[in-house]
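Here is the structure we will look at.
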Amino acid sequence: MDMPRNVFKQMLGERRLQVGLFVGLASAYSMEILATAGFDWLLIDGEHAPNNPASVLAQLQAAAPYPVNLVVRPVNHDAALIKQYLDIGAQTLLVPMVESVSEAAALVRAIRYPPHGMRGVGTSLARAARWSGVEDYAAHANEEVCLIVQIESKQGLANLDAILMVEGVDGIFIGPADLAASMGYIGQPGHQEVKVAIEDALTRIAATSKAAGVFVTEPRMAQHYRGYGASFIAVGGDTLLLRNAAVTLASSFQDNPATL
Ligand code: 3PY
Ligand code: MG
């Protein structure tokens with residue numbers, strides 16, 4: 001069996017715009033619906049959503065037949081959890097709250113097999129290796145894993161230039177909500193100072209070999225940050241889409257009871 005290729009890593013390398021959605025419903029069934037919707041990438045969120053390796057696996061399997069790139073966000077930097085996500089077949093990880101070179105370098109070691117890293121070898125048990133069905137999986141796995149680190153604090157921004165030098169980090173994703181909180185503007189990711197900080201960070205990232213990404217909730221902000229070099233942009237989340245659609249439908253009847 002051939003090594004599964006990481007198309008998302010390739011797209012990031014070529015700076016091809018990738019539009020994505022955060023997925024927090026933690027359901028394989030709704031994941032399959034989203035996989036047919038036309039996004040370039042879907043992020044299965046294990047940071048704020050109630051996911052674990054078993055529920056992430058079910059979602060990876062549900063989306064596998066469709067042409068969409070899958071990204072997994074672990075809850076923390078734990079190398080053991082990262083190993084599990086890689087073994088169940090996640091090829092791209094987006095890791096939250098990276099603030100220093102040492103944290104970024106430790107993540108690079110966590111995703112790589114020795115001698116370049118410390119990922120444990122268990123290919124016969126790993127879906128990623130098609131249970132040893134992929135010839136030479138261990139020899140080529142490092143090339144197909146994509147590591148994106150999230151910068152989302154003042155400390156992370158202060159160390160951005162140094163983190164940009166860490167070999168093995170493929171992209172940097174800015175988290176506006178946590179960044180705003182860290183800058184003293186909790187709940188205001190669109191605050192002018194936060195926006196300027198994001199613009200500056202995206203510009204600096206895009207000037208390097210690493211891809212720049214950001215989360216937005218309004219299409220005009222996607223366009224705005226695209227202008228500063230963002231090439232992979234998450235434009236919303238499934239939980240918000242569902243709630244907003246439900247609230248709009250319910251309120252259309254509450255506001256116009258005469259329609260019934
Ligand atoms: C944030 O905004 O803090 C995120 O992690 C997601 O974009
Ligand atoms: Mg965040």
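Atoms within a ligand are numbered from 1 in the order they appear, just like the ligands themselves. Just so it is clear, the values below take in all heavy atoms, side chains as well, and ignore hydrogens, waters and symmetry mates.
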Could you tell me which N, O or S atom of E152 is nearest to the Mg ion (ligand 2)?
-> OE1
The Mg ion (ligand 2) contact by D178, N, O or S atom under 2.8 Å | yes
Considering only heavy atoms of A177, which atoms of ligand 1 have at least one such atom less than 4.0 Å away?
-> 1 (C), 2 (O), 3 (O)
Is any side-chain heavy atom of L160 less than 4.5 Å from a side-chain heavy atom of L164?
-> yes
Indicate the ring-plane relationship of F8 and W41, choosing parallel, tilted or perpendicular according to the 30° and 60° boundaries.
-> tilted
Measuring from the heavy atoms of P176, does anything fall under 4.0 Å of ligand 1?
-> yes
Distance-only polar pair, side chains of Q59 and N51, donor-acceptor under 3.5 Å = yes
Ignoring hydrogens and angles, state whether a donor on the side chain of Q150 or R73 is under 3.5 Å from an acceptor on the partner side chain.
-> yes
When distances are taken from atom 6 (C) of ligand 1, the protein heavy atom at minimum range is F22 CE2, 3.7 Å
What is the nearest protein non-hydrogen atom to atom 4 (C) of ligand 1, stated with its residue, atom name and distance?
-> Q150 NE2, 3.4 Å
One finds that the ligand 1 atoms under 4.0 Å from a non-hydrogen atom of G175 are 1 (C), 2 (O), 3 (O), 4 (C), 7 (O)
Any side-chain donor near an acceptor of the partner, T92 and N6, under 3.5 Å = yes
Listed partners of H77 passing ring-ring contact (aromatic ring centres under 6.0 Å, His included), at least two apart | none
May I ask which of V214, L179, L43, D178 has a heavy atom nearer to atom 3 (O) of ligand 1 than the others do?
-> D178
Number the atoms of ligand 1 from 1 as they appear, then name those within less than 4.0 Å of a heavy atom of F215, with their elements.
-> 7 (O)
What do we get for R73 next to ligand 1 when only non-hydrogen atoms under 4.0 Å count, side chain, backbone, both or neither?
-> side chain
Kindly list each side-chain donor-acceptor pair under 3.5 angstrom involving residues 221-232, sequence neighbours excluded, with atom names and distances?
residue, atom, partner, partner atom, Å
H224, NE2, E199, OE2, 2.7
R226, NH1, A230, O, 3.1

Do the side chains of D40 and R16 get nearer than 4.5 Å, heavy atoms only?
-> no
Has ligand 1 got any nitrogen or oxygen that is less than 3.5 angstrom from a nitrogen or oxygen of E152?
-> yes
